[in-house]
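Read the structure below first, then the notes.
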Amino acid sequence: MSAQPQSRYLVCEGRELHYTEWGAEHEEVVVAWHGLARTGRDMDDLAEHLGTRYRVICPDTLGRGLSQWSAAPDDEYSLDFYVRQATGLVNQLGIERCLWVGTSMGGAIGLLAAATTLRGRIRRLLLNDIGPELAPVAVDRIRSYAGSPAAFATVSELEHYFRTIYAPYGWLSDAQWRRLTETSLRRLPDGRVTPHYDPAMVRQFVTRPDDYSRWTEWDSLELPVLCLRGESSDLLTIETAEAMRTRGPRAVVVTIADCGHAPALNTPAQFALVERFLAGG
């Protein structure tokens, strides 16, 4: 068994998506999908841990990481299009059924897919600090930095910036911060470094201001759901999390201490929560 991921590419809905694959020798599949302005490499620690038992697929969303940028941002940077691509991805990989772990936007993609094109094929859904409703203050905060990404002369300066804006992720080791930086940067023509995504992806909040309002889909779900909520999250409110306990699939909600939006899924305690849920515990 290889401890290292394989880097792969597939064309889904006419756009090339990049993904990393861990534990390819295993039959049971986990799709682990990252957050709005991030890349699939955020899932490295969790995927390495799960890869001893599961085949783990970690995509870069359209416009992020090594995936192609959209030539039609107002149409394609949307949950509906991401779900179409996700469906194409699992179909091409021959995955009949899977488990889904999604951080923030990645959880919203999983929620919508589980209610529509992958209904009955996603067996269990883990939502990392995301629900069927977003707090507007958090959306405004994310748009304030994601829509106009900062650029720096050095990688060290970019790392300092990431440590600041992603402090709510909770504890990361120095090596994890360095890897987060190195796996999510690109160099601009003028030589500066900036986050590795298309700034136009935030057009989603302009063209589809209600894209993350998904109570109808939530209420239709009929599968086990675990929601991890960062203790000080400004995106998933306590009120929304409580409603998730009593509506639709009646999620189990677990609060992660010393985190905001969103827990990094990189500690033994978080691994244990994820693994127990995926195994049906």
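With a 4.5 Å cut-off on side-chain heavy atoms, Pro149 and Pro199 count as touching. Considering only heavy atoms from C-beta on, Arg41 stays 4.5 Å or farther from Cys58 through its side chain. Looking only at side-chain heavy atoms (C-beta outward), Glu217 and Pro132 stay at 4.5 Å or farther from each other. With a 4.5 Å cut-off on side-chain heavy atoms, Cys227 and Arg245 do not count as touching. Within the 4.5 Å cutoff, the side chain of Val29 has heavy atoms near those of the Ile57 side chain. Looking only at side-chain heavy atoms (C-beta outward), Leu273 and Leu265 stay at 4.5 Å or farther from each other. Within the 4.5 Å cutoff, side-chain heavy atoms of Tyr77 are placed close to those of Trp69. Counting heavy atoms from C-beta on, the side chains of Asp80 and Leu112 come closer than 4.5 Å.
Between the side chains of Thr207 and Asp74, no donor N or O sits under 3.5 Å from an acceptor N or O.
When the options Arg55, Arg124, Arg123 are evaluated for a salt bridge (Lys or Arg N to Asp or Glu O under 4.0 Å) with Glu28, the one that passes is Arg123. Of the listed residues (Asp42, Asp60, Thr61), just one forms a side chain to side chain donor-acceptor pair (under 3.5 Å) with His34, and that residue is Thr61. With Leu185 as the partner, the side chain to side chain contact (heavy atoms under 4.5 Å, CB included) test is satisfied by one option alone out of Thr194, Val155, Leu180, Thr39: Val155.
Asp211 contributes no side-chain N or O that, together with a main-chain N or O of Gln204, makes up a donor-acceptor pair within less than 3.5 Å. Under the 3.5 Å distance criterion, the side-chain polar atoms of Thr20 are left unmatched by any main-chain donor or acceptor of Ser7. One N or O on the side chain of Thr237 and one on the backbone of Thr240 form a donor-acceptor pair closer than 3.5 Å. The backbone N or O of Trp171 lies less than 3.5 Å from a partner atom in the side chain of Asn266, making a donor-acceptor pair. A donor-acceptor pair under 3.5 Å is formed between the side chain of Ser173 and the backbone N or O of Gln176. The closest donor-acceptor contact from the side chain of Thr52 to the backbone of Glu48 lies at 3.5 Å or more, if one exists at all. In this structure, the side chain of Thr87 does not engage the main chain of Thr117 through any donor-acceptor pair within 3.5 Å. Between the Glu157 side chain and the Thr154 main chain, a donor and an acceptor come within less than 3.5 Å of each other. With hydrogens and angles disregarded, a donor-acceptor distance shorter than 3.5 Å links the side chain of Arg64 to the backbone of Leu36. Between the side chain of Ser233 and the backbone N or O of Arg229, no donor-acceptor pair lies under 3.5 Å.
Residues Val90 and Val56 fall into different hydrophobic clusters, defined by Ile, Leu, Val, Met, Phe, Trp and Tyr side chains chained together at heavy-atom separations under 4.5 Å. Following chains of ILVMFWY side-chain contacts shorter than 4.5 Å, one can reach Leu46 starting from Val254, so the two form part of one hydrophobic cluster. A continuous path of ILVMFWY side-chain contacts below 4.5 Å connects Ile109 to Leu236, so both sit in one hydrophobic cluster. Note on Val253: it does not cluster hydrophobically with Leu111, by side-chain heavy-atom contacts below 4.5 Å among ILVMFWY residues. Leu118 and Leu17 fall within a single hydrophobic cluster, where Ile, Leu, Val, Met, Phe, Trp and Tyr side chains are chained together by heavy-atom contacts under 4.5 Å.
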Intermediate values then yes/no, side-chain contact (heavy atoms from CB on, under 4.5 Å), Leu89 and Val31: CA-CA 10 Å; Leu89 182 68; Val31 175; 5.9 Å; no
Derivation of the salt bridge (Lys or Arg N to Asp or Glu O under 4.0 Å) call for Arg163 and Asp174: CA-CA 10 Å; Arg163 284 176 179 254; Asp174 288 343; 3.1 Å; yes
side-chain contact (heavy atoms from CB on, under 4.5 Å) between Arg119 and Glu222, worked out: CA-CA 9 Å; Arg119 191 175 191 89; Glu222 297 176 310; 3.8 Å; yes
side-chain contact (heavy atoms from CB on, under 4.5 Å) between Tyr82 and Met105, intermediate numbers included: CA-CA 10 Å; Tyr82 299 154; Met105 178 197 69; 3.8 Å; yes
Test ring pair (Phe, Tyr, Trp, His ring centres under 6.0 Å) applied to Tyr212 and Phe205, step by step: CA-CA 9 Å; Tyr212 288 86; Phe205 296 102; 5.7 Å; yes
Stepwise side-chain contact (heavy atoms from CB on, under 4.5 Å) test for Leu66 and Glu16: CA-CA 9 Å; Leu66 299 179; Glu16 184 179 75; over 6 Å; no
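The structure places OG of Ser67 at 7.5 Å from CD of Gln85, a figure rounded to the nearest 0.5 Å. Of the inter-residue distances, the one linking Leu50 atom CG with Met43 atom CE reads 10.0 Å to the nearest 0.5 angstrom. Separating the CD atom in Glu27 from the CZ atom in Arg53 is a distance of 13.0 Å, to the nearest 0.5 Å. To the nearest 0.5 Å, atoms CG (Leu158) and OG (Ser156) are separated by 9.5 Å. Put simply, CZ on Arg203 and CG on Asp75 are 10.5 Å apart, with the number rounded to the nearest 0.5 Å. To the nearest 0.5 angstrom, Ser213 atom OG is 13.5 Å from Arg208 atom CZ.
A cation-pi arrangement is not found for Arg38 relative to Tyr197, the charged atom failing to lie both closer than 6.0 Å to the ring centre and inside a 45° cone about the ring normal. For the pair Arg247 and Trp215, the cation-pi test (distance below 6.0 Å, angle within 45°) is passed. Note that Arg179 lies outside the cation-pi zone of Phe162, set by a 6.0 Å cut-off to the ring centre and a 45° limit from the axis.
If you look at His18 and Tyr9, their ring centroids are closer than 6.0 Å.
Heavy-atom minimum distance, Gly14 versus Gln68: O-OE1, 4.2 Å. Nearest heavy atoms, Glu25 versus Gly51: OE2-O, 4.3 Å. Here the shortest heavy-atom pairing between Ala153 and Arg187 reads O-NH1, 4.4 Å. The two residues Cys259 and Gln270 make their nearest non-hydrogen contact at SG-NE2, 4.3 Å. Taking each heavy atom of Ala262 and Asp129 in turn, the nearest pair found is CB-CB, 3.7 Å. A pairwise comparison of heavy atoms in Tyr54 and Leu99 identifies CE2-CD1, 3.6 Å as the closest pair.
Using bins of under 30°, 30° to 60° and over 60° for the plane-to-plane angle, the ring pair Tyr169/Trp177 lands in the parallel bin. Between His49 and Phe271, the ring-plane angle classifies as parallel under the 30° and 60° cut-offs. Note: Trp100 and Trp33 have parallel aromatic rings, judged against thresholds of 30 and 60 degrees for the angle between ring planes.
Within a 6.0 Å radius of CG in Asp258, other residues, nucleotides and ligands contribute 12 heavy atoms or fewer.
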